[in-house]
Each structure stands twice: as C-alpha cells, then as structure tokens.
Amino acid sequence: MNQKVETSSFFDDLERVAQVRREIADRLSNIAVAINKSELEGAAASGKLALETDSQDISLASENLRKGVFRLLVLGDMKRGKSTFLNALIGENLLPSDVNPCTALLTVLRFGSEKKVTVYFKEDCRPEQLDFNTFKQKYTINPDEAKKLELENKSAFPNVSHAIVEYPLPLLEKGIEIVDTPGLNDTEARNEISLSYINNCHAVLFVFRASQPCTLEERRYLENYIKGRGLTVFFLINAWDEIREGLIDREDTEEFQEAEIRLRKVFRTNIGEYCQVNGQDIYSDRVFEVSSLKALRLRVKDSNAALEGTGFPEFIGAINTFLTKERAIAEIRQARTLARLGYDRVREAVQRRIPLLEEDITELKQRITSVEPEFGKLNEIRDRFQEEIKITRDRKSKSVADSFKAYILNLGNSFDSDFLRYQPEISFFDSLESGKRDSFNAAFKKAFEQYINDKISAWELTAEAEIREAFAQLAKSAASYSASYTQITDSMTEKLIGQKMYTGTKIDSEDSDSAWAKWAMGFFSLASGNVAGVFLAGAGFNWQDILVNWIAVISITSFLMICTVPFMGVIGIAAIGLGVGAVQADRARKELIEATKKEFVKYLPQLAQEQYDLIHQTVNKCFEDYDREVIKRLNNDINSRKAELDNLLAQKESREINCETELKRLKNIDADVYSELQSIESVYQYLLSVPA
C-alpha cells in the first residue's frame, strides 16, 4: 500500500537516520580508539593482543558510515521530464530542463556548503571548477548544432566524463545523492556511461511519460539493463496530468477515466514483471503516477507545499520507507555485527591472556608448543579453501570466455531475423538518394550498434548468473570451512587456558561464523561507493561488489571498432548499388541485410577471439581479487593468534610483568569495548522500533 508522507516528514526521517549513522560511527570509532590505546599500553606490559586488523576494519567502517549517502540513479528516455521531476523533488528549479539531451552530461548532485560545479574529464586533465552560469554557457549548445551532432552520432563534449554539482539543499544535506543521466535514446556509447552506474546506486528511478507509454526503446532498456539484476527500481510515470490534453472533450470525466484505465493497463503489462520480488507483487509500491511540473510550481511558491494530486506524496512515502527503513536497517545491522565481531576478538584475547599472566616461561612455552598442531590445521584449511578458489577461477574463466566465443560465432545464424526489428525507420528509397544517403548511413550505424549492444547484454545476463552462482558456492564453502576453523580455535584456547571459553555475543545465527568467513561470504558491504570518481573503500569485502561493471570491459565502442569501421563502407556501396530504381523495397531491404550479414560474419571469428582473451582475463581477475582479500584475512587471523602468544612470551622473557596492574588493564579494555557495543545495540534496536 502506498504511503503518503509530507516532505518535511521525509526530511525528518532522513535526519533521524543520519543521526543514527553518526551515533554508530562514533561508537565504532570509540571501539577502534580503545583497541589502539590498549595495544599501545600492552606493548609495554604483557604484550599486544594482535588486534590491529580488527581496529583498522572498525575505523574504516566508522569513516564510511559517517560519510555514507543514499544514492539514487535517474534513468529514462529523452523528453521524459527527468530534470523537471528532480527539480520538484529537491524543491528548487536547479537543473536545466530545456537542454538538448545530445549535449547533456552525466551529473552527480550532492550536498555542498557552496554552490559550484566540477567537471571531470576522461583524459589526464585536471578537473575544472565553474559557477553555475559559466557551466551552462560552456557545456550547452544550441538545438540546431545539437541536432547535427546527433545525426553524425557525435558527442559535443567527447572528452568530458561527468559533472558534480554541489548545492546547499536540505534534501541533499540529509544524505541523498542523485545521479542524473542523459537521455537513454541518445547513443549506445552514452547509454553505456549512464547504465554503468546502476550497480553503484541504492535505487533506480526510471522515468516514463504518460503520453508516450512504454516505447520500444524503453522496453529495450528494461530488458537489457533492469531485468534479472535484483535492482530496486521505482517507476515514475510523469506528466500524468497531461492525459486530458489528448482527449476530444477535456471536460468529459468518463472519457478521462477510461483513458486512465487504458494507460494503467499498458504500463502494468509492460513493467509488471519488474515489480515481482520473492513471488510478491509490489507494483503499487514501485509504480507512481506523478505530475512533476505541477509539483515544481507548487514547491517554488511554497517549499512546504503538500503536493496533493501530484503523486509526489505517494512516491516520497515509498522512497522514505525504502531508504530510512530497509536500506538503513540493513546498513546499521552490518555495523552492529562488525562491532560484535570486534568485541568477540577483544574478549577472546583478554580471556586467553589473563590465565597465562602468572604462568612461568617454561610452562608458557609448553602450552604454546602444544597448540602448534592446531596452527598447522588452520593453515591446511586456508590452503584447501585457496585451492578451491583457484580451481573455481580457472574453470569459470574458461567457461565464461568459451560461452562468449560460441555465442558470438553463432550470431550469423540468426542475424536475418534478429536484425529485422533494428532497421532504420526512415523511407528506404529516399535514403538511397545521394542527398539523404548520409542520414541513412548514420541511422543504419545506430541500428547496428543497438543490435550489437542488445546481443552483448543478453549474453551478459547469463554470464553474470554463472559467476554469481560460483561465488554463492564459494560462500557456502567458506561457511563450511569456518565451522571447522572455529572448532580448531576453540580447541586451541582450551589447551592454552585449560577450559572452554564463551564470548557471549553470539546470540543469533549471523554471529556464528568466523570474521574472515563473513568477508568470504559477502556479508559486509559498508563501501563508500564508486560513483563519479569516488574511490571504492570498502569496510568489508562483498563478493557481489566485484561483479559491478566487470562486463564494462566489453564496451560497445571497442566491439564496434573491430567490426563497424571496416564493413560500413562496404554496406554503403551495397546500398548505392541497389539504386533508387530498385523494383521492390522488400527485395532491396533483403539484399541490404544479406550484404550486412556477409560482411558481419567475416569479422565474427576475429571478434570472438579478441574478446575471448579479455573476458578470460577479466573473470580471472574477479576471482583473484576475491582470493587475495579472503586469504589475506585468513592469514591475518592465523598470524594474529600466533603473535598474541609470541608477544606475551617475549615480554615475560624481557621483564617482570605486574600481574595485578595488567589484569586491571585487560578487564578495562573488555569493559570499554563492551560498553560501546551495548550502545550500538541500543541505537540499532531504536531504529527497529520506529514505525515506518
């Protein structure tokens, strides 16, 4: 059920979540500070507890949580009113809504204390800072020039990557970041830029227009880039209030209602399948009929306008629930679990250290020697898991590359029927006249780009699923290895201190795995993000994150360089050869398609082979990244356990330890970290208790 929420209430909820983030970030920081202080003091007492890695992880999580944002990606065809919608959402006529999409830049809108624009370039050029007026003057062109560039399939600013707009707006200050994209039916290369940001955003806002329901191009984008990717997508049917404009009698209520019913059926038919989550139909929670221009006019007059009748209260209610409940709780839950793991490591180390404080050197050496076989077993677990990762890496690298090669080589078999729907939608005979041949060639090239792009996207989905399944299996293996690993470490502790030890924080199933295993299973994902030049600094390693944009290496541009340039000239000659006097258009089309296919098939083996190596290397790197991160954490865990004992032994051999003072210090670090953990638990429970 859609929920109506006033704009002021939305801001209040975002501020509440921002406060919770800051509170937990502060608590995590306090834990890291307490650990670092204890380790510094321990170096001069009974020795460090080897908790450096835990402290670093918690510090990074705190930093990322503090600067975290909710990032929304706005997608849609040209002329759908995306900028008008965004202006209405932020409550100010900030983004230009009349610029030709051919000249538009991908723009990241974020909070800044001062109004400014920074333009980033693709080459090794320094970013350029501009004021708003200069930006608009420098990076917009007149419609006639824009149309010419579009026909030539060129970009007005080919060296520009994106722009970041900073603005002191309340919505942005509460932690919202918006990625505004150019119109999707511009060029395939530009589409790639826009769509490459999908996986780095928390939600996608896909904008339609009521007067142009679900065009062929829009269905292409949904099929290629949204379907089957597990994305959270809100569909906005803009300009709903303009439905009356197409009626014979604008005052006829019955005719208007019938038009609405027909339109709703069209949209449900086309986007209903994208609103199914775990077998549930959430169409009413994901699709909204909005009137952006009406809402903007109301907001400009009164920033606190209720916006009734514009569809915005319903949409804001849904996005509010998603961001401040679903996303926020998942994010804070991970921080809480990281704090729990940190406390468990502290308490385990403290409880191992205390019984060993009064042991003499000879007895301590014997106890350390007694657990050497267990250290050997931990190394064996690490080696077995690493070998499994490598086997999976080699198998999947070859499998995915082989599937691409077979897929590409098979394109010629279905080209005739597949390419049929991509043919230029212009008069065929007119296009063969010398004066219009350039227009036809440009349209034909764009059609071929769309065909190639769609084919790559179709294969990409199957490849992505195969890799995802492989990582899911590795996650299961990590859980299995973790169970064995924990049994061994528990046995080590029992040998060292003569009794079993219980940390006390493992109160639900998510806490049962080792810290390194949680990373291997993809539990943590407190990354700051990787949008528009922001460095990806993860507080955890998520196996899903390494798939983000991995297929981007097979870009439409590099693909077409091999194929389009050589044979487009041949196709043009074929078209000229048909002549204006061709007897039948169908025959002419058929011959053109046959000529295209003939040239295309020539280059398929080259395409398949050249991309084969690149795909193999890219998939291989995915698993190598995973291997490196997971094994690093496994090694850190094993080495820290050994260092913890070695540090104590070294201190005992070098000086007399004041057991009473050290006992007090160790209990204090345990109490300090536990206190911060309890505060985090309280804040988390508060967030859960607040009604949606």
Side-chain angles (χ1 to χ4, degrees), residues 21-67 332 334-358 364 493 496-497 501 503-505 511 515-516 524 526 537 539-540 632-633 636-684:
R21 272 176 163 167
R22 289 192 294 268
E23 171 77 8
I24 292 186
D26 288 344
R27 298 298 180 182
L28 288 174
S29 179
N30 291 344
I31 290 175
V33 169
I35 291 175
N36 292 338
K37 179 174 179 290
S38 175
E39 291 292 80
L40 184 63
E41 293 173 348
S46 66
K48 293 183 177 182
L49 298 176
L51 298 171
E52 289 88 352
T53 298
D54 303 275
S55 174
Q56 291 170 5
D57 289 345
I58 292 171
S59 293
L60 187 53
S62 172
E63 179 185 348
N64 288 337
L65 197 60
R66 197 184 309 279
K67 66 184 180 183
I332 302 306
Q334 292 184 28
R336 179 196 64 162
T337 299
L338 190 61
R340 285 182 174 185
L341 289 170
Y343 174 65
D344 284 350
R345 289 283 290 123
V346 168
R347 190 168 190 186
E348 285 178 18
V350 167
Q351 288 190 356
R352 278 192 296 267
R353 176 62 55 87
I354 289 175
L356 298 176
L357 284 176
E358 296 184 356
L364 181 59
T493 299
L496 287 168
I497 66 176
M501 182 173 61
T503 60
T505 65
D511 294 312
W516 65 262
F524 292 120
L526 294 175
K632 179 184 73 175
R633 296 193 169 278
N636 285 345
D637 191 87
I638 295 171
N639 293 336
S640 67
R641 292 175 185 276
K642 192 160 191 347
E644 172 194 327
L645 299 174
D646 291 341
N647 291 341
L648 174 60
L649 181 60
Q651 292 299 91
K652 278 185 172 289
E653 290 178 331
S654 64
R655 64 171 59 90
E656 185 73 24
I657 296 174
N658 186 324
C659 294
E660 184 178 347
T661 301
E662 187 64 354
L663 178 63
K664 182 179 178 180
R665 185 187 71 82
L666 291 169
K667 287 185 175 180
N668 283 341
I669 177 63
D670 183 288
D672 290 346
V673 175
Y674 183 71
S675 175
E676 297 296 340
L677 172 61
Q678 289 301 101
S679 296
I680 290 174
E681 294 281 2
S682 297
V683 175
Y684 176 71

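- The pair Arg340-Asp344 does not count as a salt bridge, with every side-chain nitrogen at least 4.0 angstrom from each carboxylate oxygen.
- Under the 4.5 Å side-chain criterion, counting only non-hydrogen atoms from C-beta, Leu51 is in contact with Arg345.
- For Glu358, the CD atom is loosely surrounded, since the number of other residues' heavy atoms within 6.0 Å does not exceed 12.
- In this structure, the separation between OG1 on Thr53 and CG on Asn636 is 4.0 Å, given to the nearest 0.5 Å.
- In this structure, the side chains of Asp54 and Val346 stay at 4.5 Å or more apart for every pair of heavy atoms.
- The line from CD of Glu63 to CG of Leu65 is 11.0 Å long, rounded to the nearest 0.5 Å.
- Counting heavy atoms from C-beta outward, Asp672 and Ile31 have side chains that stay 4.5 Å or more apart.
- Side-chain atoms of Ile354 and Gln351, non-hydrogen and from C-beta on, never get closer than 4.5 Å to each other.
- Atoms OH and CD1, on Tyr343 and Ile35 in that order, are 12.0 Å from each other to the nearest 0.5 Å.
- Ser38 contributes no side-chain N or O that, together with a main-chain N or O of Ala34, makes up a donor-acceptor pair within less than 3.5 Å.
- Side-chain atoms of Gln651 and Ile657, non-hydrogen and from C-beta on, do get closer than 4.5 Å to each other.
- Taking the side chain as every heavy atom from C-beta outward, Leu357 and Ser46 approach each other to under 4.5 Å.
- Looking at every heavy atom in both residues, Glu662 comes nearest to Ala45 through OE1-CB, 3.1 Å.
- Remark: Asn658 pairs with Thr661 by the side chain to side chain donor-acceptor pair (under 3.5 Å) rule, at least two apart or across chains.
- Electrostatic pairing of Asp57 and Arg633 counts as a salt bridge here, judged by a charged N lying under 4.0 Å from a carboxylate O.
- Inspection of the Ser62 and Arg27 side chains reveals no N or O donor paired with an N or O acceptor under 3.5 Å.
- Note that the CG atom of Leu28 and the CD1 atom of Ile680 stand 4.0 Å from one another [nearest 0.5 Å].
- For the pair Arg641 and Asp637, the salt-bridge criterion is met [side-chain N within less than 4.0 Å of a carboxylate O].
- A salt bridge is absent between Glu644 and Arg353: the closest approach of a Lys/Arg side-chain nitrogen to an acidic carboxylate oxygen does not fall below 4.0 angstrom.
- Inter-residue side-chain proximity for Asp26 and Arg66 is flagged as met; some heavy-atom pair is nearer than 4.5 Å.
- Residue Glu681 holds its CD atom at 8.5 Å from OH of Tyr674, rounded to the nearest 0.5 Å.
- Across all non-hydrogen atoms, the minimal contact from Ser55 to Ala32 is OG-O, 3.7 Å.
- Applying the salt bridge (Lys or Arg N to Asp or Glu O under 4.0 Å) test to every pair with at least one member in residues 29-50, sequence neighbours left out, gives these pairs: Lys37-Glu41, Lys48-Glu52.
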